[in-house]
2 protein chains.
Amino acid sequence: MSDKLQQTFAGHGLRCTKQRRAIFQALSTCRCHPTADELHRLVKEQDADLSLATVYNTLEAFCCAGLAYKLACCGGNGSTRYDTGGEDHLHLRCRKTGKLTDAPDDLGKRILEHLPKELIDELQERIGFEVNKVQVDLVGEFKKNPCQS
Amino acid sequence: MSDKLQQTFAGHGLRCTKQRRAIFQALSTCRCHPTADELHRLVKEQDADLSLATVYNTLEAFCCAGLAYKLACCGGNGSTRYDTGGEDHLHLRCRKTGKLTDAPDDLGKRILEHLPKELIDELQERIGFEVNKVQVDLVGEFKKNPCQS
DNA sequence: TTTCCTGCAAAAGCTTTGCAAGTAC
DNA sequence: GTACTTGCAAAGCTTTTGCAGGAAA
């Protein structure tokens with residue numbers, strides 16, 4: 001059933017281990033942009049032994065392979081947050097608390113649709129930078145308090 | 001001559017000290033998104049004593065006041081990079097090296113102009129998030145190598 | 001069987017903090 | 001004079017690394 005995952009890994013030159021499976025699934029399921037530490041706890045809860053060092057090593061491998069991305073961290077305690085390469089979405093980052101939240105799907109999508117593909121292509125050609133992912137963060141401040149909950 | 005700076009500080013409830021002046025000027029002059037450590041060295045070169053802890057404290061104060069921003073760090077050695085609240089610009093972030101570069105001004109500006117203000121306003125109203133700054137990062141990989149120089 | 005991955009523990013960085021002395025207001 | 005800042009050094013975090021044992025291909 002997770003043959004698909006195995007193929008994904010293989011396609012990127014990664015071996016398929018129990019730990020990597022678990023980490024990848026946790027990361028792609030969890031919509032909360034977990035830190036390495038949070039992933040570690042998440043996986044250990046449902047599964048078994050897993051060392052924090054392995055989480056870091058694995059995430060590094062995923063990032064190199066393009067299966068995951070580091071997000072604008074810059075928040076709270078300064079630990080890096082990760083995300084799978086899923087659909088681009090818009091982040092809201094609170095300047096004061098460092099909290100990172102996703103914008104409502106529809107609005108985020110509509111805003112991102114306005115990014116001019118042709119200009120990005122021009123940029124790619126002009127300076128030789130291949131764009132894999134567009135990350136848009138709105139930095140500001142929550143006035144009410146819908147920060148997750 | 002730097003009365004202006006003093007007023008800026010005062011307007012945000014910050015006292016104006018020699019160190020803060022120096023840090024702010026270095027940060028706004030330097031186009032390279034320095035880390036706290038780089039700023040520390042920068043200021044010490046031209047000026048005088050300055051403790052690294054003060055750089056951190058000061059940057060934290062600036063960020064709270066909205067005079068500076070933490071950028072998507074996530075790169076290289078993992079230290080946070082800072083920027084003044086100047087004009088929005090587009091960042092290119094290399095997935096492999098973590099290098100952070102600015103897009104050419106004209107292209108960056110043209111891309112950012114396409115962001116739909118009305119949708120961002122809608123977002124502000126709908127979820128009570130006040131946007132101070134839009135940070136767009138293109139994550140990818142340099143094919144040639146114009147990473148700075 | 002070979003090469004890569006994991007786990008442990010220790011090391012290396014970055015950032016924050018407590019406190020006494022100094023400075024802006 | 002009072003309240004906020006600074007500098008120092010130490011503590012607290014997150015992340016990386018070396019190495020021996022284990023697992024994937």
Side-chain angles (χ1 to χ4, degrees), chain A residues 2-3 5-24 33-41 43-44 47-65 67-68 70-82 96-98 100, chain B residues 2-3 5-24 33-41 43-44 47-65 67-68 70-82 97-98:
Chain A
S2 14
D3 234 31
L5 240 190
Q6 175 159 27
Q7 285 176 22
T8 307
F9 285 166
H12 290 271
L14 297 172
R15 288 200 178 164
C16 182
T17 69
K18 190 178 109 196
Q19 292 87 342
R20 289 183 173 184
R21 260 183 225 269
I23 293 171
F24 191 82
H33 314 305
T35 62
D37 190 60
E38 284 162 1
L39 269 175
H40 182 221
R41 267 176 290 170
V43 172
K44 281 190 88 166
D47 207 4
D49 287 329
L50 176 67
S51 125
L52 184 54
T54 299
V55 177
Y56 277 107
N57 290 337
T58 299
L59 287 171
E60 185 60 32
F62 286 171
C63 288
C64 276
L67 292 174
K70 296 182 180 182
L71 298 180
C73 35
C74 308
N77 49 6
S79 37
T80 308
R81 295 191 166 278
Y82 295 83
K96 300 237 163 126
T97 65
L100 189 68
Chain B
S2 17
D3 234 30
L5 240 190
Q6 175 159 26
Q7 283 176 22
T8 307
F9 285 165
H12 291 270
L14 296 174
R15 289 199 177 164
C16 182
T17 68
K18 190 180 109 195
Q19 292 87 341
R20 289 184 172 183
R21 259 181 225 271
I23 293 171
F24 190 82
H33 313 305
T35 61
D37 190 61
E38 285 162 2
L39 268 175
H40 182 222
R41 266 176 292 171
V43 172
K44 281 190 88 165
D47 207 5
D49 287 327
L50 175 66
S51 125
L52 183 55
T54 298
V55 177
Y56 277 107
N57 290 337
T58 299
L59 287 172
E60 186 59 32
F62 286 172
C63 289
C64 275
L67 292 174
K70 297 182 181 182
L71 298 179
C73 35
C74 311
N77 49 7
S79 38
T80 308
R81 295 190 165 278
Y82 295 83
T97 65

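We name chains A, B, ... by the order of the sequence lines, and we start the count at 1 in each one. Just so it is clear, the model here is predicted, and its values are computed rather than measured.
- Taking atom CG of residue Leu50(B) and atom C1' of nucleotide dC8(D), one finds them 13 Å apart after rounding to whole Å.
- We find that CG of Leu59(B) is positioned 11 Å from P of dT6(D), with the value rounded to whole Å.
- Contact annotation: Gln19(A) side-chain N/O to dA23(D) OP1/OP2 distance is not under 4.0 Å.
- Going from atom NE2 of His40(B) over to atom P of dG13(C) covers 17 Å, rounded to whole Å.
- Under the ring-ring contact (aromatic ring centres under 6.0 Å, His included) criterion, His33(B) pairs with His89(B), His91(B), not counting sequence neighbours.
- Judged by closest nucleotide on DNA chain D, Leu52(B) is the one of Ala53(A) and Leu52(B) placed further toward the 5' end.
- Between Ser79(B) and dG13(C), a side-chain N or O to OP1/OP2 separation shorter than 4.0 Å is absent.
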Distances under 3.5 Å between protein N/O atoms and the N/O atoms of nucleotides 23-25 of chain C, please, pair by pair.
unit_1  : atom_1 : unit_2   : atom_2 : d
dA24(C) : N3     : Arg15(B) : NH1    : 3.2
dC25(C) : OP1    : Cys16(B) : N      : 3.3
dC25(C) : OP2    : Gln6(B)  : NE2    : 3.2

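- Under 4.0 angstrom from either OP1 or OP2 of dT6(C) there lies at least one side-chain N or O belonging to Thr58(A).
- Thr54(B) contributes no side-chain N or O that, together with a main-chain N or O of Leu50(B), makes up a donor-acceptor pair within less than 3.5 Å.
- Straight-line distance from the NZ atom of Lys44(B) to the P atom of dT6(D): 15 Å, rounded to whole Å.
- Protein atom CZ of Arg21(A) is 16 Å distant from nucleotide atom C1' of dT6(C), rounded to whole Å.
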side-chain contact (heavy atoms from CB on, under 4.5 Å) evaluation trace for Leu14(A) with Leu67(A): CA-CA 11 Å; Leu14(A) 297 172; Leu67(A) 292 174; 3.9 Å; yes
Stepwise side-chain contact (heavy atoms from CB on, under 4.5 Å) check, Leu59(A) with Leu39(A): CA-CA 10 Å; Leu59(A) 287 171; Leu39(A) 269 175; 3.9 Å; yes
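- Checking the phosphate oxygens (OP1, OP2) of dC4(C), no side-chain nitrogen or oxygen of Arg20(A) falls inside 4.0 Å.
- Following rounding to the nearest Å, Phe24(A) (CZ) and dC5(C) (P) show an atom-to-atom distance of 16 Å.
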Run the side-chain contact (heavy atoms from CB on, under 4.5 Å) test on Phe24(A) and Phe9(A) for me, step by step, so that the C-alpha distance in whole Å, both residues' side-chain angles and the decisive distance to 0.1 Å come before the verdict. CA-CA 10 Å; Phe24(A) 191 82; Phe9(A) 285 166; 4.0 Å; yes
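- One atom, CG of Asp37(B), and another, C1' of dT15(C), lie 11 Å apart when rounded to the nearest Å.
- In this entry the distance linking OH of Tyr56(A) with P of dC13(D) reads 13 Å, nearest Å.
- Arg20(B) places a side-chain N or O within 3.5 Å of a backbone atom of Arg15(B) that can act as its donor or acceptor partner.
- Contact record, Leu52(B) with Ala36(B): CD1-O, 4.0 Å, taken as the closest heavy-atom pair.
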